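Chain letters run A, B, ... following the sequence lines, proteins first and then strands; every chain starts at 1. Computed from a predicted model, the values in this text were never measured in an experiment.
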There are 2 protein chains.
Amino acid sequence: MFSKACKYAIRALIYLASRSEEPEKTGLREIAAEIDSPEAFTAKIMQILSKQNLVNSAKGPHGGFFIDTHAPEIKLIDVVKAIDGTQSIYGCGLGLKSCSETEPCPIHHEFSAIRNGLANLLKEQTIQQLARELKAGKSVLKHHLN
Amino acid sequence: MFSKACKYAIRALIYLASRSEEPEKTGLREIAAEIDSPEAFTAKIMQILSKQNLVNSAKGPHGGFFIDTHAPEIKLIDVVKAIDGTQSIYGCGLGLKSCSETEPCPIHHEFSAIRNGLANLLKEQTIQQLARELKAGKSVLKHHLN
DNA sequence: AGTAATAAAGACCTAATTATCCTTTATTAG
DNA sequence: CTAATAAAGGATAATTAGGTCTTTATTACT
Ligand code: FES
Ligand code: FES
C-alpha cells in the first residue's frame, strides 16, 4: 500500500506531533526508538520531510525535529505525496498506464471506489488528530514483542 | 497496492479467460502482447500460476495456456495470494508487526475498513466475470498510446 | 576559542523486485 | 524418427527500495 519509508514517515510525524507542546525538540535517536525504525534510514526520511517543510529542524545541542504548532495541521495525504508520490494514490489498480474512466481496466469501477475511500481518509485525517488519539492511549506506534 | 507481477498475473488470467471457450490454447507471446507485459517475465508468472493450478498449460506445437472451463471460477484473491502473499492484504497500514484490534496503530480503525473493502472485492470478483465484461467491451487490458 | 551534540548531505552498500537470456524437456506434426 | 514448437527451469542482469556510513555544517555550552 505505502512504502516502508512512507509508513516510517507517518509514524515519526505522529510521534513528533504527540509531544509538540513540549518546547523541547526531539532528536532523531528518540524518534527512531519510539517508532521502532532504523535510525539512519529514518534520518533520510526526516530530511525529505524537512525539505518539504512538513517538519522543522534545528541543529546543534538540544537540536532536533519539531512541528510548528501554529501551522495548519498536516494531512496524511501531504506526507504520502511527499514520500511516495501521487501514482500510489491515483494509479490504475491493474497497472495500466493511467487510471481512466473512458478506458477502464476490468476492476476500475470497484477499485476506484476503494481507492477514493483511501484518498478521502488521507485527505481528512491529520497527523495532529492522530497524535491526540495516541496520547489518549487509543493507539500505539510500535509493538514490543520480547 | 499490488506488485507488478500480480497485476500482470491478473491481466493475463483475464485475457486467457476471455478466450477460454476457444478450444485452442493461447501462447505466451500472444498473452504478453495482449496485456502489454514483458514476455520473459510473464513466462515466470505463468509458471507460478501453473504450479498453483490457477492455469493449465500444454507444451509442444499448438500448446499454450488455458483455463479449465469446468473448474470453479477463479477469485481475484486467489491470484493475489499466489503472487503477493497475504501480508499485502492483511498487514498493518502503518507497518506495525501485525494488524491488531487490541494494539491498533493510529489509522487502524479507518484503514482496516478500507482494507476489508478491498479484501471483499477480491473475494467476490472472479477472473471469469471480469473476462465477460472485457468481452462485452466494457474494459481494456492495455492502453495503446502511439 | 574549543568541544560536544546534533541535523544535513552525499556516497555507499544490500536486498528485493523486475526483467532478460539460454538451455532443457515435453509434445506434436509430418 | 525427426524437426518444429512451446513451456519449464536456471542463471544472470538491471532497476528500485531499503538501509548504512562518513563527512560537513550548525549550534550551545564551557
Ligand atoms: S483504470 Fe484501472 S483502476 Fe482505473
Ligand atoms: S494495526 Fe495498523 S492497520 Fe490495523
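Atoms NZ (A/Lys4) and P (C/dT14) sit 17 Å apart, rounded to a whole Å. When the C1' atom of C/dA5 is taken as reference, atom CD of A/Glu24 falls 16 Å away, rounded to whole Å. Protein atom CD of B/Glu30 is 13 Å distant from nucleotide atom C1' of D/dA6, rounded to whole Å. Atom NZ in B/Lys59 sits roughly 6 Å away from atom C1' in D/dA7 (whole-Å rounding). Here C/dT18 presents its P atom at 10 Å from CD1 of B/Ile83, a figure rounded to the nearest Å. The interatomic distance linking A/Arg29 (CZ) with C/dA5 (C1') rounds to 9 Å, in whole Å. In this structure, A/Phe66 atom CZ and C/dT6 atom C1' are separated by 13 Å, rounded to whole Å. Look at NZ on A/Lys25: it is 13 Å from C1' on D/dT26, rounded to the nearest Å.
Legend: side chain to side chain donor-acceptor pair (under 3.5 Å) pairs involving residues 114-125 of chain A, not counting sequence neighbours, sorted by first then second residue: A/Gln125-B/Glu110. Evaluation of the side chain to side chain donor-acceptor pair (under 3.5 Å) test over residues 71-86 of chain B, restricted to residues two or more places apart or in two chains, returns B/Ser3-B/Asp84, B/Glu73-B/Thr126, B/Glu73-B/Arg132. Listed by first then second residue, pairs satisfying salt bridge (Lys or Arg N to Asp or Glu O under 4.0 Å) with a partner in residues 2-13 of chain A number zero, not counting sequence neighbours. Residues in residues 36-63 of chain A take part in these salt bridge (Lys or Arg N to Asp or Glu O under 4.0 Å) pairs, two or more places apart or across chains: A/Arg29-A/Glu39, A/Asp36-B/Lys97.
Look at B/Arg19 and B/Glu34 and you find no salt bridge, because none of the NZ, NE, NH1 or NH2 atoms lies under 4.0 Å from a carboxylate O.
Between A/His62 and D/dC29 there is a side-chain polar atom (N or O) within less than 4.0 angstrom of OP1 or OP2. Within the 4.0 Å cut-off from OP1 or OP2 of D/dG19, at least one side-chain nitrogen or oxygen of A/Tyr8 is found.
Other residues sharing the hydrophobic cluster of A/Val140, ordered by chain and number and joined by side-chain separations under 4.5 Å: B/Leu96.
A/Glu103 and A/His108 form no side-chain donor-acceptor contact under 3.5 Å, judged by distance and modelled atom types alone.
Map A/Pro61 and A/Glu39 each onto its nearest nucleotide of DNA chain D; the residue landing nearer the 5' end is A/Glu39.
A heavy atom lying under 4.0 Å from DNA chain D marks the following residues of residues 40-58 of chain A, by number: A/Ala40, A/Phe41, A/Lys44.
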